[in-house]
Peer 1: 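Here it is, the structure in full.
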Amino acid sequence: MDLEAVSKRSAFHAKPQGLILQYGTAGFRTNAQHLDHIMFRMGLLAVLRSKQTKSTIGVMVTASHNPEEDNGVKLIDPLGEMLAPTWEEHATCLASAEEQDMPRVLTAIMEKEAVDPQQAAFVVIGKDTRPSSEKLSQSVIDGVTVLGGQFHDYGLLTTPQLHYMVYCRNSGGRYGKATIEGYCQKLSKAFVELTKQASCSGDENRSVKVDCANGIGALKLKEMEHYFSQGLLVQLFNDGTEGRLNHLCGADFVKSHQKPPQGMEMKSDERCCSFDGDADRIVYYYRDADGHFHLIDGDKIATLISSFLKDLLLEIGESLNMGVVQTAYANGSSTRYLEEVMKVPVYCTKTGVKHLHHKAQEFDIGVYFEANGHGTALFSEAVEVKIKRLAQELQDEKGKAAKMLASIIDLFNQATGDAISDMLVIEAILALKGLTVQQWDAIYVDLPNRQLKVKVADRRVISTTNAERQALTPPGLQEAINDLVKKYKLARAFVRPSGTEDIVRVYAEADSQVSWEQGRRNHSCVWNLTTAKGFFKIEIKIECTGTYIVNSYQTVPCCGFLRV
Ligand code: G16
């Protein structure tokens with residue numbers, strides 16, 4: 001390894017002195033103008049990881065749901081999974097090293113991870129449609145090549161497509177062909193096979209409107225159009241020709257504002273969905289005849305999928321170990337429905353696909369979804385082999401169920417949550433079950449809930465435990481939340497720092513939007529917090545009338561108020 005060449009090249013991607021960024025929930029994310037050195041260094045790190053694992057590693061340039069001016073980067077491990085936690089730490093160290101220390105940190109990582117410098121390295125790269133992505137992905141390539149790594153640049157891809165490519169390349173073709181055609185063919189073949197069994201095939205039931213968040217999803221759906229010409233009519237909105245990425249549209253906007261995206265024409269009872277900027281999340285929704293908006297989020301998607309899979313297993317007569325994985329954001333009604341009605345074990349992990357994915361791998365069949373629409377289903381290799389064998393062997397109804405299960409296994413992107421693949425899975429299940437969007441929505445009733453983003457001086461003052469459901473610091477915060485929550489039926493609230501944006505997220509839910517305690521307008525509680533940055537007061541305030549338990553939340557550092 002020629003460290004001198006690395007240093008020389010690094011000078012073209014110099015780190016701004018003192019800038020410290022952390023590998024967060026899904027890699028590095030911040031304003032694109034601060035990311036050049038990070039991209040170069042992630043190119044270097046991808047080469048080391050590739051040498052160490054003797055596998056192809058992916059580097060995706062995207063900031064997914066973040067605004068257009070942001071960008072980001074994440075590394076993809078050999079099985080298409082998120083980067084291993086120890087390597088996330090290496091990424092943070094390498095990204096934080098001042099220019100003169102960077103070669104030393106690189107060498108230290110190599111020694112710690114016993115990387116053989118002679119080993120060949122191969123890196124695949126993808127990017128989303130942000131204006132900054134082109135230049136930033138060139139910086140990744142610069143990092144890869146200066147360390148002698150080979151690379152393939154896929155150019156514009158959805159994030160889940162790059163995860164898929166990495167998995168294909170490292171599975172020796174078992175998982176599929178590592179090309180866009182391979183991806184489209186695998187998914188469309190599985191979709192067509194699956195929906196062949198559906199009795200209702202009217203156009204009305206097979207059309208869906210998609211808000212593409214003005215992102216890469218539009219481009220990739222257009223590429224797939226002809227594969228589905230007979231099976232599904234997909235109408236695209238917010239396809240990037242006019243609006244800004246993720247601006248007033250996309251899955252994150254729809255989920256957090258609980259209203260339709262701008263730019264979507266919705267007629268009553270039409271099935272609509274939104275992707276996010278890099279098409280790794282999906283949420284569904286519709287307007288009823290009275291004009292009310294209904295959101296069908298990741299929790300209801302997980303319920304639809306797991307109930308479909310469970311029914312197929314019953315039909316085949318196989319009792320496999322199936323579990324559902326959620327996060328603290330999962331609506332209480334969904335957890336209760338899964339556990340008490342469907343009798344499926346449910347587990348809660350920290351936010352972040354990497355946590356859910358690993359938990360889901362513990363089951364024969366693991367379904368994981370974040371409420372924000374990020375998720376998929378995983379099938380153990382043994383289960384996949386068994387189901388595909390049963391699909392050949394079994395006859396009649398059992399054989400039909402086994403064939404459906406075999407097809408749906410191929411329709412899921414098992415590397416990571418994928419809006420395109422999830423949409424096809426959902427459309428196929430609805431068609432097979434003959435369910436309308438309203439019937440799906442009626443499976444259970446969501447508890448009213450709100451999620452807010454709050455800008456604070458330093459989000460790191462809040463730390464959490466118990467899968468982020470309880471705050472450890474600042475002292476007094478959790479007690480104050482407990483005091484308020486216990487006044488409401490089925491109430492739950494928590495606060496956690498985001499790992500992708502410079503904000504704190506606040507979540508609350510309860511059985512009703514109207515307070516049970518009419519007459520008392522406000523409950524509030526104030527406690528003092530001293531931080532390294534000074535002293536400020538936090539006030540948790542619940543307004544009993546009006547919209548909901550969490551009503552306003554602002555902060556002014558130093559003798560200000562943080563209101564929940
Ligand atoms: C990423 C992660 C998700 C996570 C989301 C928000 O999504 O992949 O697992 O739920 O960020 O994370 P946080 O609350 O820490 O900001 P995406 O779609 O932006 O890649």
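Every value quoted in this text rests on a predicted model; they were computed, and no experiment measured them. All ligand and atom numbering here is 1-based and tracks the order in the structure. Basis for what follows: all heavy atoms, side chains included, without hydrogens, waters or symmetry-related copies. In this chain, residues are counted from 1 in sequence order.
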Peer 1: Can K300 be said to sit on top of Y337's aromatic six-ring, NZ or CZ under 6.0 Å from centre and within 45° of the ring axis?
Peer 2: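 So K300 doesn't make the cation-pi contact.
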Peer 1: Between D418 and K220, is there a side-chain N and carboxylate O pair less than 4.0 Å apart?
Peer 2: no
Peer 1: Under 4.5 Å between any side-chain heavy atoms of E88 and T92, yes or no?
Peer 2: no
Peer 1: Under the side chain to side chain contact (heavy atoms under 4.5 Å, CB included) test against Y167, which residue among N413, L79, D77 passes?
Peer 2: L79
Peer 1: Between Y347 and F363, how do the two ring planes meet: parallel, tilted or perpendicular, split at 30° and 60°?
Peer 2: tilted
Peer 1: May I ask you to identify the nearest protein heavy atom to atom 5 (C) of ligand 1, giving residue, atom name and distance to one decimal place in Å?
Peer 2: R281 NH2, 3.6 Å
Peer 1: Does ligand 1 have a heavy atom under 4.0 Å from the side chain of D278, from its backbone, from both, or from neither?
Peer 2: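 It is neither part, as no heavy atom is under 4.0 Å.
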Peer 1: I need the nearest protein heavy-atom contact for atom 17 (P) of ligand 1: residue, atom name and distance, please.
Peer 2: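 For atom 17 (P) of ligand 1, the nearest protein heavy atom comes out as S64 OG, 3.0 Å.
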Peer 1: Heavy-atom distances under 4.0 Å decide this one: backbone, side chain, both or neither, for S498 against ligand 1?
Peer 2: both
Peer 1: Out of H374, H65, E370, M82, who gets a non-hydrogen atom closest to atom 9 (O) of ligand 1?
Peer 2: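 The residue whose heavy atom sits nearest atom 9 (O) of ligand 1 is E370.
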Peer 1: If we set the cut-off at 4.0 Å for heavy atoms, which region of R29 has an atom near ligand 1: side chain, backbone, both, or neither?
Peer 2: side chain
Peer 1: Under 4.0 Å, heavy-atom basis, I'd like to know which part of T327 is in contact with ligand 1: side chain, backbone, both or neither.
Peer 2: neither
Peer 1: For ligand 1 and N66, I'd like to know whether there is a polar contact (N/O to N/O, distance under 3.5 Å).
Peer 2: no
Peer 1: Just by distance, do the side chain of N170 and the backbone of P78 share a donor-acceptor pair under 3.5 Å?
Peer 2: yes
Peer 1: Check the orientation of Y507 and Y329. Use parallel for under 30°, tilted for 30 to 60°, and perpendicular for over 60°.
Peer 2: perpendicular
Peer 1: Does NZ belonging to K222 count more than 12 external heavy atoms closer than 6.0 Å?
Peer 2: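 Yes, NZ of K222 has more than 12 neighbouring heavy atoms, counting only those of other groups under 6.0 Å.
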Peer 1: What is the closest protein heavy atom to atom 11 (O) of ligand 1, and at what distance does it sit?
Peer 2: T500 CG2, 3.4 Å
Peer 1: How does V353 reach ligand 1, by side chain, by backbone, by both or by neither, if only non-hydrogen atoms under 4.0 Å count?
Peer 2: both
Peer 1: When you look for heavy atoms under 4.0 Å from ligand 1, do you find them on the side chain of L356, its backbone, both, or neither?
Peer 2: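 Neither part.
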